[in-house]
Amino acid sequence: MTDQKPFLDIRNAQKSYGDLEVLKDISLQVQRGQIVAIIGPSGSGKSTLLRAINDLDPLTGGEVWLEDMQINKKLPHRQYEKHINQVRQNIGMVFQHFNLFPHLSVRGNVTLAPKMLKGISDDEANALAEEQLEKVGLLDRIDYYPSRLSGGQKQRVAIARALAMKPKVMLFDEATSALDPELVEEVNLVMKKLAEEHMTMVIVTHEMGFAEAVCDRVLFMDQGVVVEEGPPSKIFRNPDNERTQNFLRKHLANANR
Amino acid sequence: MGLDFTVVPGYLDFILLGVLWTIAITIGAALLSFFIGIFFAVIALYGPWFIRLPFRAFEWLFMGTPLLLQLFLIYFGLVQIGIDLPAFVAGVIGLGLHFAVYNSELIQTAIIAVDRGQMEAARTLGLSRGQALRKVVVPQAVRDVIPPIGNNMIALLKDSALVSVIGVSELTLSAQRAIGNTYRPFEFYVVAAAFYYLINLGMEWVLRRIERRIQAAR
């Protein structure tokens with residue numbers, strides 16, 4: 001790690017719904033090209049933290065920075081909308097339930113945002129779609145509608161759709177949790193490929209094996225705080241904190257059942 | 001005196017002209033009600049309060065009063081404030097707005113029913129709310145309500161007979177005029193009814209084709 005200035009910088013993130021504190025003063029620095037996994041029991045706030053990065057769930061306190069730009073800066077509504085739309089073009093997001101646009105073909109899904117926001121021609125958009133679909137191994141499905149794809153294929157299209165905006169960071173919100181077990185691997189392979197290309201990624205996941213194999217750093221969250229963080233070898237093999245140990249033990253028991 | 005349909009052929013071109021007017025009004029009002037309906041749905045759901053509230057009143061006016069009265073108001077009433085519309089235009093606007101309100105209700109429900117993840121996915125790509133509505137949410141909502149909107153359009157065709165009262169020579173008024181000359185109400189009303197039915201069949205055929213095309217894209 002030569003570049004010490006964080007690429008993505010979450011400072012003292014707080015989020016509460018009324019009296020319920022979902023995030024309690026969380027800080028997270030991600031270097032360019034780093035891959036960070038966030039693990040933890042459901043309700044621990046990990047998805048909320050991820051969704052705060054592109055302001056899908058705005059924080060109630062703290063700051064989020066991407067390079068030299070504050071993502072969640074205070075602006076009058078109109079200016080803020082303009083700002084955030086610009087920011088989000090740099091942050092790809094992949095959802096648990098894919099959220100492909102069912103009324104558009106695979107091609108339409110991938111080209112919609114680049115065409116609307118980058119003013120590229122149809123030819124350029126097509127070339128872009130082909131390039132991204134090639135990367136996720138679905139070029140032959142370019143004219144299919146999402147309803148005709150398997151879950152794994154849908155998620156790979158969703159990744160291609162996000163990549164088509166040439167994001168600087170990719171966020172994965174339990175990208176494989178809704179998939180049948182035999183479809184998980186094809187999505188993991190695509191994510192591994194992105195890792196090899198040094199895409200900066202923040203991954204909320206329940207796939208401990210995948211996190212261990214791919215990630216540079218792992219955060220274990222529980223009840224709105226980061227309980228423990230470190231390299232995957234440390235967190236998965238030799239965690240210090242009792243809550244981390246308990247969580248991993250339970251998780252392992254479930255996985256082996 | 002008995003029935004005598006032999007008078008009909010002499011007026012057939014006259015009746016067919018009425019058929020054309022009915023089709024023209026129906027298509028004009030249907031298109032108007034469809035696009036204005038989408039527009040109404042979006043402002044009813046997302047407009048600022050100072051647009052939403054007057055719109056509610058407007059909606060109430062169009063749903064809570066007779067279409068016949070609305071046509072009178074638009075054609076005869078607006079003249080007094082200097083808006084003198086040709087009867088055909090007044091008829092298309094009256095029918096169009098009336099059914100736009102009904103279509104808007106359908107579309108609003110469908111917009112709300114579109115999965116929230118669709119808006120989120122569009123927003124995370126960098127689309128504004130308006131862009132996301134226009135390209136992602138509304139097209140899905142509209143696609144879902146094409147069949148019930150089709151039913152509204154068939155009601156619209158039948159209600160288009162009402163514009164005869166403001167003097168548009170559509171099918172019903174043409175039949176009445178033919179009756180005025182021949183004193184043969186049964187014959188001409190039956191003929192008019194047959195033509196309405198035929199137009200209806202044509203509309204259903206078009207709607208089925210549209211529905212099938214939408215199905216193919218699922």
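Below, chain A is the first sequence line, B the second, and so on; all start at residue 1. What you see is a predicted model; the values in this text were computed from it and never measured.
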Among the options A:Ile91, A:Leu171, A:Val87, A:Leu117, pick out the one with the most heavy-atom pairs lying under 4.5 Å from chain B. A:Leu117

At what distance, to the nearest 0.5 angstrom, does [atom1] of [X] lie from [atom2] of [Y]?
{"X": "B:Thr124", "Y": "A:Ile84", "atom1": "OG1", "atom2": "CD1", "result": "11.0 Å"}
{"X": "A:Lys115", "Y": "B:Lys135", "atom1": "NZ", "atom2": "NZ", "result": "8.0 Å"}
{"X": "B:Glu120", "Y": "A:Met93", "atom1": "CD", "atom2": "CE", "result": "7.5 Å"}
{"X": "A:Asn99", "Y": "B:Leu125", "atom1": "CG", "atom2": "CG", "result": "10.5 Å"}
{"X": "B:Leu127", "Y": "A:Leu112", "atom1": "CG", "atom2": "CG", "result": "5.5 Å"}

More than 12 heavy atoms of other residues, nucleotides or ligands under 6.0 Å from CD of B:Gln80: yes or no? no

Can you tell me if B:Phe76 has over 12 outside heavy atoms packed within less than 6.0 Å of its CZ? yes

Regarding A:Asn85 and B:Arg123, do their side chains bring together a donor and an acceptor under 3.5 Å, going by distance alone? yes

Give, as side chain, backbone, both or neither, the part of [X] having an atom under 4.5 angstrom from any heavy atom of chain B.
{"X": "A:Leu56", "value": "side chain"}
{"X": "A:Gln89", "value": "both"}
{"X": "A:Phe101", "value": "both"}

Testing the basics here: between B:Ala121 and A:Arg161, what is the closest heavy-atom pair and its distance to 0.1 Å? CB-NH2, 3.5 Å

B:Arg143 to A:Pro102 - nearest heavy-atom pair and separation: NH1-O, 3.7 Å

State, yes or no, whether a side-chain contact exists between A:Lys82 and B:Ser128 at a heavy-atom distance under 4.5 Å. no

